[in-house]
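Per chain, numbering begins at 1; letters A, B, ... match sequence-line order.
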2 protein chains.
Amino acid sequence: MSPYDPSAFPAFAVTVDLVVLTVRRHALCALVVRRGEPPFQGRWALPGGFVRGDEDLAEAAARELSEETGLCAHDPLSPEPGNGAHLEQLATYGEPGRDPRMRVVSVAHLALSPDLPAPRAGGDANSARWAPVAELLNQEGGFAREDEQPAQLAFDHARILADGVERARSKIEYSSLATAFCPPEFTVGELRRVYEAVWGVALDPRNFHRKVTGTPGFLVPSGGTTTRQGGRPAQLFRAGGATVLNPPMLRPEV
Amino acid sequence: MSPYDPSAFPAFAVTVDLVVLTVRRHALCALVVRRGEPPFQGRWALPGGFVRGDEDLAEAAARELSEETGLCAHDPLSPEPGNGAHLEQLATYGEPGRDPRMRVVSVAHLALSPDLPAPRAGGDANSARWAPVAELLNQEGGFAREDEQPAQLAFDHARILADGVERARSKIEYSSLATAFCPPEFTVGELRRVYEAVWGVALDPRNFHRKVTGTPGFLVPSGGTTTRQGGRPAQLFRAGGATVLNPPMLRPEV
DNA sequence: ATCATAGTCGTCTGCTTGACGATAAACACT
DNA sequence: AGTGTTTATCGTCAAGCAGACGACTATGAT
């Protein structure tokens, strides 16, 4: 069979963009990099890059994630925590004109990672940072000072980020995905603070404890205890094999 | 600013593929079309086509849906039933080699429609049909006869279809999306049969009735009644404004 | 008239949740 | 050592919801 006539369809550039989320200091944060070239030079943007000619979309996303953070993505289907982050496809954005240079279709991916020491962009230290999503999405209450208004994200990345955050918020309701924000061993209180940061609400520690310890397969005790959060020593857990939470964790009204 | 150097990145073809689902004769069915040219000539495939150079992805999906079925897609954000089908982006598939001719990235979309009289493909009557998904996915119990084994779907369309079906199955749990399978006016029993067909389970008519009529905003009575299902006349409803179901409809265990 | 079919209203029981009291075990002070 | 603060963990109680299922209603078919 002969290949298509290349003039029979328009040629697209295909990129992957990453919404990398983590929880730092009780706030949901996203990884953003500063653009070094036009368009949107100097503005913050989501990390990403072109898909190579011989690369699957998931491979390209894992490669970009590794290049930007050093994280090793693990397959969502085999949930061993390890040092890896959770990585899944989010959505695809292909509006004509979203990149002023040419027709670009971007396959956005969502990555959830434990808190990392510091972002490392390609050698350049101050060209990447963890920014609270409340700032990036211009939600009220997200600014330490009035004049701290950050520039809008480049391209349609604010929309992509909002979709990623919404995916994360809804997915921790009915899955054990919140453990992807935690280190390999964590306490019930640390897991609760993940939920509180992602949802932006306060949860009752006693009911939360009852819920997560009472859901079979969600948490398995690792044996040790820790006092790193202060107060009474807390039991350490690992993520269990369960991936779906049934019944789900209920997000409080507004 | 100058455009990219076209040799700096690989060129892709971008297509949209459609998983169009409906409920016919108590079975969940998908629209498939017969391929008229290689590769996979003569095999069944999901409808789809190239994205045009000036077209958004959602536009392309709506255009293809209209060309294949005559349905008018309505925006998921403005849920007026009308004559339109629900249309949303599903996922994107871009594995190298998924199309043997060239590098193609396909943005799959999911469409849910009420039962239609007959599929109309581009003029050709027997080149499109509604096929039970149980057949297409080779699940047991899906065949009327032993020898009715259908050919595998072309490309990676079986995987795409499976993802679309799983999306539909999970989404009717916590949203009012099941009404997209119903005509503008429908009875509680008809809506229940939608759930039963999509999930492949039997639901208690009394508990189902209590649940859907007790969820505010899910259904609004239209005033009329009908006996088109036989038995006692049933009240007719329209889809209400609510889009999320809280608490969700619970899918019975296996 | 009788039956079959489908729709609708109730009841009861067990489970889950939300609100919240009480206790336990660490650390930081004085 | 004692006191306060912080966090973790266990228990109790009432309200709400779901599953199982009985009872009744209104139509068409025989």
Side-chain angles (χ1 to χ4, degrees), chain A residues 25-26 172-174 182 185-197 199 201-238 242 244-254, chain B residues 25-26 172-174 182 185-197 199 201-238 242 244-254:
Chain A
R25 282 174 284 125
H26 293 199
I172 64 174
E173 278 189 78
Y174 56 90
C182 295
E185 294 198 339
F186 52 91
T187 70
V188 173
E190 288 163 352
L191 183 62
R192 175 171 49 82
R193 277 179 278 275
V194 164
Y195 275 91
E196 291 178 334
W199 285 344
V201 298
L203 299 175
D204 185 287
R206 298 156 291 189
N207 293 337
F208 183 87
H209 189 278
R210 178 183 59 191
K211 173 71 177 172
V212 296
T213 57
T215 300
F218 191 6
L219 301 180
V220 292
S222 75
T225 61
T226 184
T227 62
R228 62 186 174 217
Q229 299 288 341
R232 169 177 165 180
Q235 218 180 334
L236 283 169
F237 293 88
R238 250 182 260 277
V244 296
L245 263 46
N246 202 342
M249 181 87 57
L250 293 181
R251 176 161 27 167
E253 320 281 317
V254 183
Chain B
R25 283 174 283 127
H26 292 199
I172 64 174
E173 278 189 79
Y174 56 89
C182 296
E185 293 198 337
F186 53 90
T187 69
V188 173
E190 287 163 351
L191 183 63
R192 174 170 50 81
R193 278 179 279 275
V194 165
Y195 275 90
E196 291 177 334
W199 283 346
V201 297
L203 299 175
D204 185 286
R206 299 156 291 190
N207 292 337
F208 183 88
H209 189 278
R210 179 183 59 191
K211 173 69 178 175
V212 297
T213 58
T215 300
F218 192 5
L219 301 180
V220 292
S222 75
T225 61
T226 183
T227 61
R228 62 187 174 216
Q229 299 289 341
R232 169 176 166 178
Q235 219 180 333
L236 282 169
F237 293 88
R238 253 182 257 278
V244 296
L245 262 46
N246 202 342
M249 182 86 60
L250 293 182
R251 171 157 38 161
E253 320 281 318
V254 186

Quick one: which of [options] gets closest to the side chain of [X]?
{"X": "B/A234", "options": "C/dT8, D/dT9, C/dT17", "answer": "C/dT8"}
{"X": "B/R193", "options": "D/dC17, C/dG7, C/dT8", "answer": "C/dG7"}
{"X": "B/H209", "options": "D/dA8, C/dA6, C/dC9", "answer": "C/dC9"}

Below 3.5 Å, does any donor atom in the side chain of [X] face an acceptor in the base of [N], or the other way round?
{"X": "B/R232", "N": "D/dA26", "answer": "no"}
{"X": "A/R206", "N": "C/dG18", "answer": "no"}
{"X": "B/R210", "N": "D/dG19", "answer": "yes"}

With a 4.5 Å limit on heavy-atom distance, are the side chains of [X] and [Y] in contact?
{"X": "B/L236", "Y": "B/R228", "answer": "yes"}
{"X": "B/M249", "Y": "B/F208", "answer": "yes"}
{"X": "A/C182", "Y": "A/R193", "answer": "no"}

Using a 4.0 Å heavy-atom cut-off, does A/R228 contact any base of the nucleic acid, only the sugar-phosphate backbone, or nothing at all?
nothing
A/L191 CG to D/dA8 P, straight-line distance once rounded to whole Å
11 Å
Can you check the A/N207 CG to C/dC20 P distance for me, whole Å?
10 Å
